[in-house]
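Shown next, in structure tokens, is the structure this report addresses.
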Amino acid sequence: MTTSEILLSDSALRNNLDFIRSLIGEDVRISSVVKSNAYGHGIEEFVPLAIRYGIDHFSVFSSDEAFRIMEIAAGECEVMIMGYLSDEDFDQIIKKEIQFYVFDLERLKKAAAFAKRVGKKAIIHLEIETGMNRTGIKKADMLQLVSLLNENRDYLHIKGLCTHYAGAESIANHVRIKRQLRNFNQTDKWLRSKGIDIEIRHTACSAASISYPKTRMDMVRIGILQYGFWPSKETFIHYIHGKESKADPLKGVLRWQSAVMSIKTVKEGEFISYGTAYQAQEDKRIAVVPVGYYHGYTRSLSNQGRVLINEQRADVIGMVNMNMLVCDVSHIEDIELGDEVVLIGKQGELNISVASFGEFNSMMNYELLTRLPSNISRNVII
Ligand SMILES: *Cc1c(COP(=O)(O)O)cnc(C)c1O
């Protein structure tokens, strides 16, 4: 028994995928991004649900995550590694027909060499540097890229051409994103003019899919949106602009809950928990919850976080400890030991969507979700 548990809502995921499909249309394929243990939702629990609702392509960061998907869903979907791939894993990746990014010529040479040895084509996605300046094949390497691709035709299946935008969730990056899109389209055209046969093009993450329709192309790589969170407030505002209904079409898939472990009263003037971060301005009733930063509840939510108990909000007060947090439940009359505490998600009519914690930037959602430890028990509900 862990001190908290995670529940995944089947119907919320279906709702979110329906929404995304209605937005991008039936012709654009969705690759469900399940890196970082499916953004904390759990690969083993999330992937079968997504498959049930029609997802047949998954994106991960590294080979270990790809292997986990193959364990539970080989033959039911395609899997694509966008990042790390160790030399020991190349053989297995190629044998299992797992797709992977090629973001420099070194990896391209390796892919061809391993494919030759295995006797099977490597299924690759060429990632192009368009302006993010992270991974991606540079313009200066393009001629050499073309000759390497031509030399190794027998060992390579060029499945995709792709890139990633440097912050499509923020209007501050608008000019840079537009330039990246232009660079991508130019490179695409140029490669085709050199006779390079590319099956699909994909560039958009959640934010780009919403705010820059031209980035959708043949496939979109959707992470945060499918889990029911907006990449940023700006992206939500962009979506809602000019719409009649201002209601949020997304539903949170994940509920993270624990239970009240201890209740007590504290006198006015006393400091609560470590140090002097919080002083009671009047007599208080507090509840201790057995979840701390070890369990993924970040310390930056000290004096900032909110939880739900008995369908009411309660503030997290004082520092978040390693294994516990304290909340102010002075206003919750009938609270008892063992009462459910919701840290993320819905309880009754109220909802803790991660982003609503104080004035945090949008990256908070991504970080909080992906830090949910993999050993918390996860179960699917309707
Ligand atoms: C994580 C990631 C995505 C998905 O991003 P979201 O904002 O969660 O939709 C897409 N593409 C790449 C390359 C990524 O690393």
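Just so you know, these numbers use all the heavy atoms, side chains as well, and skip hydrogens, waters and symmetry mates. Atoms within a ligand are numbered from 1 in the order they appear, just like the ligands themselves.
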Report yes if [X] has an N/O atom closer than 3.5 Å to an N/O atom of ligand 1; otherwise report no.
X	answer
Tyr101	no
Gly223	yes
Ile224	yes
Arg134	no

Output yes when [X] and [Y] qualify as a salt bridge under the 4.0 Å nitrogen-oxygen rule, no when they do not.
X	Y	value
Glu367	Arg371	yes
Arg255	Glu5	no
Glu282	Lys284	yes
Lys138	Asp141	yes

> Identify the closest protein heavy atom to atom 10 (C) of ligand 1: which residue and atom is it, and at what distance?
Replying inline: Arg221 NE, 3.6 Å
> What protein heavy atom sits nearest atom 14 (C) of ligand 1, and how far off is it?
Replying inline: Lys35 NZ, 2.9 Å
> Which part of Ser206 is near ligand 1, with near meaning a heavy atom under 4.0 Å away: side chain, backbone, both or neither?
Replying inline: both
> Applying a strict 4.0 Å limit to heavy atoms, is Phe61 in contact with ligand 1?
Replying inline: no
> Would you call the rings of Phe236 and Trp230 parallel, tilted or perpendicular, where under 30° means parallel and over 60° means perpendicular?
Replying inline: tilted
Ligand-residue contact atoms, ligand 1 with [X], heavy atoms, under 4.0 Å:
X	result
Tyr366	6 (P), 7 (O), 8 (O)
His164	10 (C), 11 (N), 12 (C), 13 (C), 14 (C)
Tyr39	1 (C), 4 (C), 5 (O), 6 (P), 8 (O)

Distance-only check: which donor-acceptor pairs under 3.5 Å involve side-chain atoms of residues 260-271, not counting sequence neighbours?
none

>> Can you confirm whether Leu254 sits close enough to Ile344 that some side-chain heavy atom of one is under 4.5 Å from a side-chain heavy atom of the other?
In response: yes
N/O donor-acceptor pairs under 3.5 Å from side chains in residues 42-49, not counting sequence neighbours:
residue, atom, partner, partner atom, Å
Glu44, OE1, Arg68, NH2, 2.9
Glu44, OE2, Arg68, NE, 2.9

